Amino acid sequence: MTDRAELTDDQNDRIDATLKRIRAGLKRGVPSPDEEPAHIFKPEAVNEKK
């Protein structure tokens, strides 16, 4: 496993682009699951399961 394959320029460019997209997504952050719009919330839905 000490031998490393050399990557082509195209492969390196694709890896760089993928890492940029991942980093951009991580910078955005994840919204809190508690942030639910009031017009979607249905309190009676909790009682429907009983």
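Along the sequence shown, residues carry numbers from 1. Computed from a predicted structure; not experimentally measured.
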- Message: My understanding is that only one of Thr18, Asp13, Leu19 makes a side-chain contact (heavy atoms from CB on, under 4.5 Å) with Ile15; could you say which?
- Response: Leu19

- Message: The criterion is salt bridge (charged side-chain N to carboxylate O under 4.0 Å, His left out); which residues satisfy it with Asp10, sequence neighbours excluded?
- Response: Arg14

- Message: Among residues at least two apart in sequence or on other chains, which ones pass side-chain hydrogen bond (donor to acceptor under 3.5 Å, both in side chains) with Arg23?
- Response: none

- Compare every heavy atom of Glu6 with every heavy atom of Gln11, then report the nearest pair and how far apart it is. OE1-O, 4.5 Å

- Within a radius of less than 6.0 Å around CG of Asp16, do more than 12 heavy atoms belonging to other residues, nucleotides or ligands occur? yes

